[in-house]
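Atoms within each ligand, like the ligands themselves, are counted from 1 in listed order.
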Amino acid sequence: SSRASSVLGALDIPTTPTELPGVYDGEWKGSGDILQSVCPTTGEVLAHVKSASPAELHAALERTRDAYVHFRSIPAPRRGEIIRQIREALAAKREELGALVSLEMGKIRTEGVGEVQEFVDVCDYAVGLSRMLNGRVINSERPGHTILEVPNPLGVLGVLSAFNFPVAVYGWNLSISMAAGNATIWKPSPTTPLCSIAVTRIVSGVLEKNNIPGAVAGLVTGGKDVGEALVQSRDVDMVSFTGSEHVGRIVGKNVQSRFGKVLLELGGNNAAIIMPDADLSLAVPAVFFGSVGTAGQRCTSTRRLYLHRTIAPEFLARLQKLYGALKPGDPLDARTLLGPLHTRAAVDAYDGAIAELQAAGSQILVGGARFDGGGNFVRPTIAVPAAADGALWATERFAPVLLVAEFEELEQAIAWNNAVPQGLSSSLWTRDVRNVGKWIGPAGSDAGIVNVNVGTSGAEIGAAFGGNKSTGWGRESGGDAWKQYVRWSACTINFSDEAPLAQGVDFTP
Ligand code: NAD
């Protein structure tokens with residue numbers, strides 16, 4: 001369609017029937033299975049992408065290792081200068097890349113552009129970090145001795161990413177990994193190959209201009225087989241995996257079984273708690289965005305809503321009004337708030353979730369069905385299950401389905417918040433500082449993201465992002481996350497003319 005061609009044309013991506021090479025390790029290639037990029041809005045095939053064959057993956061891993069050996073000896077601030085240039089190149093294509101995210105993944109335009117902005121932001125962060133990758137000096141108990149904790153580059157980072165953030169998640173990893181002096185190889189979701197090709201073209205252009213090996217930021221598109229081979233390879237020092245709990249469990253075990261490093265960012269099942277003193281004019285729109293934004297396909301989407309009994313009727317009336325006014329639309333259209341689900345399989349999963357809720361006697365307040373003749377478009381749904389806890393509440397349904405329960409005491413709501421296996425994001429709405437103290441303290445939310453008067457989704461890059469429990473305990477982006485991307489050594493140095501043992505051990509023969 002002309003709609004698709006104008007988005008793809010702006011990034012010099014030819015449309016079907018051309019087959020695009022989906023592997024980059026300094027050169028573009030691809031002779032493995034053909035991946036189809038399908039537009040979730042229209043169902044049209046946007047492109048055919050040639051993925052990595054096993055031999056190409058093997059060769060790419062070798063080149064990535066060589067690229068690491070080159071890159072690790074470039075001073076970190078100089079690496080930062082290259083990241084700064086990548087930041088500029090991405091920012092120059094912010095709108096075009098954002099539109100591609102909308103076209104291929106299906107999220108609305110402002111969120112697609114926001115994802116590119118997130119990559120730009122984390123590049124800024126990594127530029128600063130490149131002058132602050134500091135170790136420590138520690139006082140030794142032995143005279144004339146000093147102990148250093150030294151961060152060095154780690155090696156090769158493998159990034160496996162999910163369909164729902166086809167640009168930003170790679171950005172979090174690549175920027176920090178480059179600052180740390182590693183080479184990175186990316187295995188994106190098989191359903192968003194064009195986003196990964198467009199990003200890799202921009203990044204490789206900067207690398208080539210600086211005479212840096214392209215395999216510092218390599219790309220291997222493919223499905224499960226390519227992912228599995230990457231995870232099992234001893235050439236990959238650390239695997240950063242973003243995806244479902246089911247696949248994360250397999251990846252975690254595979255990496256652990258060869259004693260590699262692994263960082264897991266898995267599913268969420270995020271709750272918002274609304275206290276009686278909450279400002280509803282802020283809380284209602286925040287829950288609306290949290291539950292319906294990205295058509296419920298964010299790891300941080302609001303999936304559970306706990307309302308204090310006294311404000312529940314008013315809150316639900318206001319939320320239902322917002323839901324009622326939602327119209328599905330083309331995510332490329334600036335006025336659209338609700339785009340499609342990403343695949344037919346996701347629509348089937350939505351149907352399954354509704355059937356499961358109904359079978360368990362839940363009351364459906366709004367939604368509960370696809371739009372008529374609507375392709376991948378489904379009605380955002382609010383449901384009140386018969387019980388306020390139990391198995392129905394414990395799974396992540398990757399669709400716009402919000403479950404609601406009422407509570408009397410904050411302690412009860414916190415207990416429900418913590419009662420699920422996942423621990424990614426959580427949000428409390430209150431003006432009472434005593435509630436805030438409980439919420440962020442030892443008896444509070446057990447999630448990795450614990451917000452107050454801020455919704456569950458839409459994190460900034462400055463803090464470390466990630467979740468606890470079955471979300472995998474990983475942390476990415478800001479905060480101390482960079483410390484995982486380096487190899488730490490404790491170096492004890494003796495400047496004295498004696499060689500005493502620690503703890504006063506005497507081993508005189
Ligand atoms: P998915 O688990 O199906 O796929 C993720 C990646 O794993 C893909 O690249 C896929 O090709 C690859 N893969 C599949 N099988 C593999 C195997 N056996 N070995 C190695 N790799 C394999 O996830 P998805 O459907 O693309 O994404 C949705 C999920 O991602 C949701 O659960 C969501 O919550 C989660 N997610 C989490 C975060 C976070 O930061 N915590 C962010 C975004 C998405």
Would you check whether Ser244 has a nitrogen or oxygen atom less than 3.5 angstrom from a nitrogen or oxygen atom of ligand 1?
-> yes
Going by an N to O cut-off under 4.0 Å, is there a salt bridge joining Asp480 and Arg475?
-> no
With atoms numbered from 1 as shown, which atoms in ligand 1 lie under 4.0 angstrom from a non-hydrogen atom of Pro188?
-> 9 (O)
So, does Gly472 sit close enough to ligand 1 that a heavy atom of it is under 4.0 Å from the ligand?
-> no
Tightest non-hydrogen contact, residues Arg304 and Trp416, listed as NH1-O, 2.9 Å
Compare Ala349, Ser161, Gly243, Gly227 and give the one whose heavy atom is closest to atom 8 (C) of ligand 1.
-> Ser161
Please determine if Lys50 and Glu56 form a salt bridge, counting it only when a charged side-chain N lies under 4.0 Å from a carboxylate O.
-> no
For Phe165, is the NZ or CZ atom of Lys107 found under 6.0 angstrom from the centre of its six-membered ring and inside 45 degrees of the ring axis?
-> yes
Looking at Asp237 and Lys261, does any basic side-chain N land under 4.0 Å from a carboxylate oxygen?
-> no
Does a donor on one side chain and an acceptor on the other come within less than 3.5 Å for Asn417 and Ser426?
-> no
Using protein heavy atoms only, decide if any is under 4.0 Å from atom 4 (O) of ligand 1.
-> no
Should Arg3 and Asp330 count as an ion pair when the cut-off is N to O under 4.0 Å?
-> yes
Identity and distance of the protein heavy atom lying nearest atom 33 (C) of ligand 1 | Phe398 CE1, 3.4 Å
Thr300 vs Leu424, side chain to side chain contact (heavy atoms under 4.5 Å, CB included): CA-CA, chis, key distance, verdict | CA-CA 7 Å; Thr300 52; Leu424 183 51; 3.8 Å; yes
Polar-atom distance check: Leu424 versus ligand 1, any N or O pair below 3.5 Å?
-> no
In terms of atom number and element, which parts of ligand 1 are under 4.0 angstrom from non-hydrogen atoms of Ser189?
-> 9 (O)
In terms of residue, atom name and distance, what is the protein heavy atom nearest to atom 27 (O) of ligand 1?
-> Ala162 CB, 3.2 Å
Below 4.0 angstrom from a heavy atom of Val251, which ligand 1 atoms are there? Numbered from 1 as shown, please.
-> 19 (N), 20 (C)
Which heavy atom of Ile185 sits nearest a heavy atom of Ala60, and at what distance?
-> CD1-CB, 4.0 Å
Side chains of Tyr350 and Thr381: is there a donor and an acceptor less than 3.5 Å apart?
-> yes
Report the nearest protein non-hydrogen atom to atom 7 (O) of ligand 1: residue, atom name, distance rounded to 0.1 Å.
-> Phe241 CE1, 3.2 Å
Would you call Pro190 a ligand 1 contact, heavy-atom distance under 4.0 Å?
-> yes
What are the two closest heavy atoms between Ile197 and Pro21, and how far apart are they?
-> CD1-O, 3.7 Å
Going through the distances and angles, do Thr343 and Phe163 end up as a side chain to side chain contact (heavy atoms under 4.5 Å, CB included)?
-> CA-CA 10 Å; Thr343 56; Phe163 77 83; over 6 Å; no
Would you mind listing which atoms of ligand 1 come within a distance below 4.0 Å of any non-hydrogen atom of Leu266?
-> 37 (C), 39 (C), 41 (N)
Among protein heavy atoms, which sits nearest to atom 43 (C) of ligand 1, and what does the distance come to when rounded to 0.1 Å?
-> Asn164 OD1, 3.2 Å
For Thr294 and Glu115, what are the C-alpha separation, side-chain angles and deciding distance, and is it a side chain to side chain contact (heavy atoms under 4.5 Å, CB included)?
-> CA-CA 12 Å; Thr294 331; Glu115 218 187 299; over 6 Å; no
Which residue owns the protein heavy atom closest to atom 42 (C) of ligand 1, what's the atom, and how far is it?
-> Cys299 SG, 3.1 Å
Tell me which protein heavy atom sits closest to atom 32 (O) of ligand 1, plus the residue, atom name and distance to 0.1 Å.
-> Glu396 OE1, 2.7 Å
Contact atoms of ligand 1, heavy-atom distance to Leu160 under 4.0 Å = 20 (C), 21 (N)
Atom 11 (O) of ligand 1 has as its nearest protein heavy atom Lys187 NZ, 2.7 Å
Any N or O of Trp172 that comes nearer than 3.5 Å to an N or O of ligand 1?
-> no
Nearest-option assignment for atom 22 (C) of ligand 1, heavy atoms, candidates Val239, Val247, Asp225 | Val247
How close does the nearest protein non-hydrogen atom get to atom 26 (O) of ligand 1, and which residue and atom is it?
-> Phe163 N, 3.1 Å
